[in-house]
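Bear in mind the structure is a predicted one, so any value in this text is a computation, not a measurement.
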Amino acid sequence: MELYIVRHGKTYWNNEKKIQGWADIELTESGRRVAYDSAEGMKDIHFDAIYSSPLKRAYETACILKGSRELPVVVDERIKEIGFGVLEGADFTKIRGDKTSKFTAFFNAPECYEAPEGGESIQQVCDRAEAFLREIIAKHEKDERVMIVAHGAVNKAMLHYIRKNEIKDLWEGSLQRNCGVTIVDCRDGKFDVIEDNKVFYEYKKA
């Protein structure tokens, strides 16, 4: 079984460097263009199922990547982005540099990250990502290929389960580009990351 774990296209808040979790922000025209370019790059790849986060930036990306395939895009709440609570919409560059902010540890020391008011812990996101993956793996045949379109942090949470690493190593590997794809082979309960952050478009266009 192969998993294609995809990050959504670029959004307006990506451009504005705002913290974006459960906030339901749309794709930019550039984000849509890269999704369409990625769809063209993947048009000859067979998929047996497509799953998406319910947030519109991921769902629209999934619908674009679906192309002409006669498959439903199945929405699953468990793969929506981590919730940042009161920090949603805050200036990422300013908060990341503020040592008094709880957000500072999110990338620098994820094992020490404390969820802000109304937000989620990293462990909560990892738990729901694991539950989703376990169900998907049990549901699909060994020779099937599944696309999962979600978000930067929850995709890393899925890879946390796949790699069996520690929370402190959550950000192992490269940060996924918008529409970047991490390809994972799953056989007999074992995982192999075939390619991390592969793109099916010319990156200069992004």
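Using modelled atom types, no side-chain atom of Glu2 and backbone atom of Arg145 make a donor-acceptor pair closer than 3.5 Å. Between the Glu26 side chain and the Lys56 main chain, no donor and acceptor come within less than 3.5 Å of each other. Of the possible donor and acceptor atoms, one in the side chain of Arg69 sits under 3.5 Å from a partner among the backbone N and O of Lys66. Judged by distance alone, with hydrogens and angles left aside, the side-chain atoms of Trp13 form no donor-acceptor pair with the main-chain N or O of Ile19 at under 3.5 Å. Side-chain atoms of Asn197 come within 3.5 Å of backbone N or O of Leu175 as a donor-acceptor pair. Using a distance-only test at 3.5 Å, with no hydrogens or angles considered, a donor-acceptor pair links the side chain of Arg32 to the main chain of Leu27. One N or O on the side chain of His160 and one on the backbone of Asn165 form a donor-acceptor pair closer than 3.5 Å. For the pair Asp76 (side chain) and Arg78 (backbone), a donor-acceptor distance under 3.5 Å is present. Distance alone, capped at 3.5 Å, places no donor-acceptor pair between the Glu114 side chain and the Ala105 backbone. Glu135 places no side-chain N or O within 3.5 Å of a backbone atom of Ala131 that could act as its donor or acceptor partner.
Taking the ring centroids of Tyr113 and Phe107, they lie at or beyond the 6.0 Å cut-off.
The local environment of OH in Tyr36 is sparse, with at most 12 non-hydrogen atoms from other residues, nucleotides or ligands closer than 6.0 Å. The local environment of NZ in Lys164 is crowded, with over 12 non-hydrogen atoms from other residues, nucleotides or ligands closer than 6.0 Å.
Across all their heavy atoms, Ser174 and Asp196 have their closest contact at N-OD2, 3.5 Å. When all heavy atoms of Asn14 and Gly9 are compared, the closest pair comes out as OD1-O, 4.0 Å. In plain terms, the two heavy atoms of Lys10 and Asn15 that are nearest each other are CD-OD1, 3.0 Å. What you find for Val199 and Gly180 is that their closest heavy atoms are CG1-CA, 4.2 Å. Residues Leu55 and Gly21 share a closest heavy-atom pair of CD1-O, 3.4 Å. A pairwise comparison of heavy atoms in Asn178 and Val34 identifies O-CG1, 4.2 Å as the closest pair.
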Side chain to side chain contact (heavy atoms under 4.5 Å, CB included) assessment of Leu65 paired with Val149: CA-CA 9 Å; Leu65 295 178; Val149 185; 4.2 Å; yes
Derivation and outcome, salt bridge (Lys or Arg N to Asp or Glu O under 4.0 Å), residues Lys190 and Asp192: CA-CA 7 Å; Lys190 296 181 180 179; Asp192 180 26; over 6 Å; no
Pair Asp143-Met1, side chain to side chain contact (heavy atoms under 4.5 Å, CB included): steps then yes or no: CA-CA 5 Å; Asp143 60 348; Met1 179 183 187; over 6 Å; no
Evaluation steps, side chain to side chain contact (heavy atoms under 4.5 Å, CB included), between Val181 and Phe200: CA-CA 8 Å; Val181 184; Phe200 289 87; 3.8 Å; yes
Test side chain to side chain contact (heavy atoms under 4.5 Å, CB included) applied to Thr182 and Lys198, step by step: CA-CA 6 Å; Thr182 296; Lys198 179 180 176 65; over 6 Å; no
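Distance check: Ile137 CD1 to Glu144 CD gives 12.5 Å after rounding to the nearest 0.5 Å. To the nearest 0.5 Å, the span separating CD1 on Ile79 from OG on Ser52 amounts to 6.0 Å. To the nearest 0.5 angstrom, Asp185 atom CG is 4.5 Å from Ile194 atom CD1. We find the OG1-CD distance between Thr11 and Glu60 to be 11.5 Å, quoted to the nearest 0.5 Å. Summarising the geometry, atom CZ belonging to Phe84 is positioned 9.5 Å from atom CD belonging to Glu120; distances are rounded to the nearest 0.5 Å. Note: Met147 CE to Thr61 OG1 = 10.5 Å, rounded to the nearest 0.5 Å.
Residues Tyr201 and Arg177 are in side-chain contact: their nearest non-hydrogen atoms beyond the backbone lie under 4.5 Å apart. Side-chain contact between Ser53 and Glu81 is absent, with no heavy-atom pair separated by less than 4.5 Å. A heavy-atom distance below 4.5 Å is found between the side chains of Arg163 and Glu172. Using a 4.5 Å heavy-atom threshold, the side chains of Phe92 and Gln20 count as separate. The shortest distance between side-chain heavy atoms of Ile45 and Phe47 falls below 4.5 Å. For the pair Leu3/Ile183, no side-chain contact is recorded, criterion being any heavy-atom separation below 4.5 Å from C-beta on. Between Met158 and Asn155, some side-chain heavy-atom pair lies under the 4.5 Å cut-off.
For the pair Lys156 and Trp171, the cation-pi test (distance below 6.0 Å, angle within 45°) is failed.
Salt bridge annotation for Glu29-Arg33: absent, with no cationic side-chain nitrogen under 4.0 angstrom from a carboxylate oxygen.
One hydrophobic cluster, built from ILVMFWY side chains closer than 4.5 Å, cannot hold both Met42 and Val146; they sit in different ones. Under a hydrophobic clustering in which Ile, Leu, Val, Met, Phe, Trp and Tyr are joined whenever their side-chain heavy atoms come within less than 4.5 Å, directly or via other members, Leu133 and Tyr51 fall into the same cluster. Neither Phe132 nor Trp22 shares a network with the other; the hydrophobic side chains, linked directly or stepwise wherever heavy atoms of I, L, V, M, F, W or Y lie under 4.5 Å apart, form separate groups for each. When hydrophobic clusters are built by joining Ile, Leu, Val, Met, Phe, Trp and Tyr residues whose side-chain heavy atoms come closer than 4.5 Å, directly or via intermediates, Val154 is grouped together with Leu170. Under a hydrophobic-cluster definition in which Ile, Leu, Val, Met, Phe, Trp and Tyr are linked whenever side-chain heavy atoms come within less than 4.5 Å, directly or via other members, Leu71 and Tyr59 are assigned to the same cluster.
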